[in-house]
2 protein chains.
Amino acid sequence: MAIENEIRRLRFENGEMTQQALAESVGVTRQTIIAIEQNKYAPSLEAAFKIANAFGVPLESVFRWRNG
Amino acid sequence: MAIENEIRRLRFENGEMTQQALAESVGVTRQTIIAIEQNKYAPSLEAAFKIANAFGVPLESVFRWRNG
DNA sequence: ACTTAATGTAAAATATATAGTACATTATGT
DNA sequence: ACATAATGTACTATATATTTTACATTAAGT
């Protein structure tokens, strides 16, 4: 999987926001947050936008793509 | 679908790049490009990054998310 | 009129993301 | 020792994205 994410860091920087709280704020289940955070799979573009929005940052500061 | 894309405009701005050429450059099929360009469905995050990369622009200048 | 390139449409098959449920582990507080 | 909150794991089911194949349409060139 060539996509990296900063979710763990962003959760801690936002007052140690729990996975559950993030999931509710994003509108997905906790399992989805866990899987994405652990890079088990990459999110849909819509989920990626919603997660970035939940942190109030641009998408590309949450998810980065390693070319090649 | 709350996600808009600028693929059609970017193709034309890049020397009227065809859907086929874009598909090959991105590494997906022509059908995938057609479907995404026509907003039949939103791409995966990985496909979105690859499309932006094919145009040499940031992801968020190809795909925009309308909140709400 | 014919050919070719580009785009569009449709349907089935496969891959991937997400939801749902259930249980295990670890740390914290009482 | 017990209860609770947070995280992790596993497995099935559902939704969605992508591929594959095939054919239709439109415009451009000869």
Side-chain angles (χ1 to χ4, degrees):
Chain A
M1 192 89 40
I3 294 178
E4 299 169 351
N5 77 81
E6 304 289 332
I7 295 177
R8 198 166 314 212
R9 180 176 62 77
L10 286 163
R11 284 199 299 113
F12 287 144
E13 287 178 4
N14 281 57
E16 310 217 347
M17 175 189 287
T18 67
Q19 293 172 331
Q20 173 97 16
L22 176 58
E24 282 165 11
S25 158
V26 168
V28 297
T29 62
R30 187 172 66 92
Q31 305 314 317
T32 298
I33 296 297
I34 290 175
I36 295 169
E37 183 171 307
Q38 294 178 184
N39 263 298
K40 293 204 171 167
Y41 52 73
S44 67
L45 182 57
E46 192 171 5
F49 269 121
K50 285 181 184 169
I51 290 170
N53 188 256
F55 287 123
V57 299
L59 187 150
E60 302 197 48
S61 71
V62 184
F63 299 97
R64 297 208 179 80
W65 186 57
R66 295 174 119 310
N67 194 347
Chain B
M1 193 89 39
I3 294 178
E4 300 169 353
N5 76 82
E6 305 289 330
I7 295 178
R8 198 166 316 214
R9 180 176 63 74
L10 286 163
R11 282 201 300 114
F12 286 142
E13 287 177 3
N14 282 56
E16 310 216 345
M17 176 190 285
T18 66
Q19 291 174 332
Q20 174 98 16
L22 176 58
E24 281 164 11
S25 158
V26 167
V28 296
T29 63
R30 188 172 65 93
Q31 306 313 317
T32 299
I33 297 297
I34 290 175
I36 294 169
E37 182 171 308
Q38 295 178 179
N39 262 300
K40 291 202 172 170
Y41 51 73
S44 67
L45 181 58
E46 193 169 4
F49 269 121
K50 286 180 184 170
I51 291 169
N53 189 255
F55 288 123
V57 299
L59 188 150
E60 302 198 47
S61 70
V62 184
F63 299 97
R64 296 207 179 82
W65 186 59
R66 297 188 132 300
N67 194 346

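The shown structure was predicted, so the numbers you read here are calculated from the model rather than taken from an experiment.
- With rounding to the nearest 0.5 Å, the separation of CD1 in A:I7 from CG in A:N14 is 12.0 Å.
- Separating the CD1 atom of B:I34 from the P atom of D:dC23 is a distance of 17 Å, rounded to the nearest angstrom.
- Within the 4.0 Å cut-off from OP1 or OP2 of C:dT7, not a single side-chain nitrogen or oxygen of B:Q20 is found.
- Residue A:I36 contributes atom CD1, which lies 17 Å from atom C1' of D:dT9 at whole-angstrom precision.
- Here the straight-line distance linking atom CG of B:L45 with atom CZ of A:F63 works out to 6.5 Å at 0.5 Å rounding.
- Ion pair A:E37/A:R8 flagged as a salt bridge, since at least one NZ, NE, NH1 or NH2 atom sits closer than 4.0 Å to an Asp/Glu carboxylate oxygen.
- Within the structure, a side-chain polar atom (N or O) of B:K40 is placed less than 4.0 Å from OP1 or OP2 of C:dT9.
- Note: CZ (B:F49) to C1' (D:dA17) measures 17 Å, nearest angstrom.
- Contact check of residues 21-33 of chain B against DNA chain C (heavy atom, cut-off under 4.0 Å) returns B:R30, B:Q31.
- Side-chain atoms of B:E60 come within 3.5 Å of backbone N or O of A:L59 as a donor-acceptor pair.
- Distance check, rounded to the nearest 0.5 Å: CD of A:Q31 to CD1 of A:I36 gives 11.5 Å.
- Across all strands, A:A35 comes closer than 4.0 Å to no nucleic acid atom at all (heavy-atom distances).
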**Q.** Derivation of the side-chain contact (heavy atoms from CB on, under 4.5 Å) call for A:Q19 and A:L22
**A.** CA-CA 5 Å; A:Q19 293 172 331; A:L22 176 58; 5.7 Å; no

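- Look at B:R8 and you'll find a side-chain N or O under 4.0 angstrom from OP1 or OP2 of C:dG8.
- Atom P of nucleotide C:dA17 and atom CG of B:L45 are separated by 10 Å, given to the nearest angstrom.
- Rounded to whole angstrom, the span from the CD atom of B:E46 across to the P atom of D:dT18 amounts to 9 Å.
- D:dT18 atom P lies 15 Å from atom CD of B:Q38, rounded to whole Å.
- Taking atom CE on B:M17 and atom P on C:dT7, their separation rounds to 11 Å, with Å as the unit.
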Q: List the steps and the verdict of side-chain contact (heavy atoms from CB on, under 4.5 Å) for A:R11 and A:F55.
A: CA-CA 8 Å; A:R11 284 199 299 113; A:F55 287 123; 3.8 Å; yes

Give me the distances for all protein-to-nucleotides 25-30 of chain D N/O pairs that come in under 3.5 Å?
none

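- For D:dT18, one of the phosphate oxygens OP1 or OP2 lies less than 4.0 angstrom from a side-chain nitrogen or oxygen of B:S44.
- B:E16 has its CD atom 17 Å from the P atom of C:dA5, to the nearest Å.
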Q: Please step through side-chain contact (heavy atoms from CB on, under 4.5 Å) for the pair A:F49 and A:V62, ending with a clear verdict.
A: CA-CA 9 Å; A:F49 269 121; A:V62 184; over 6 Å; no

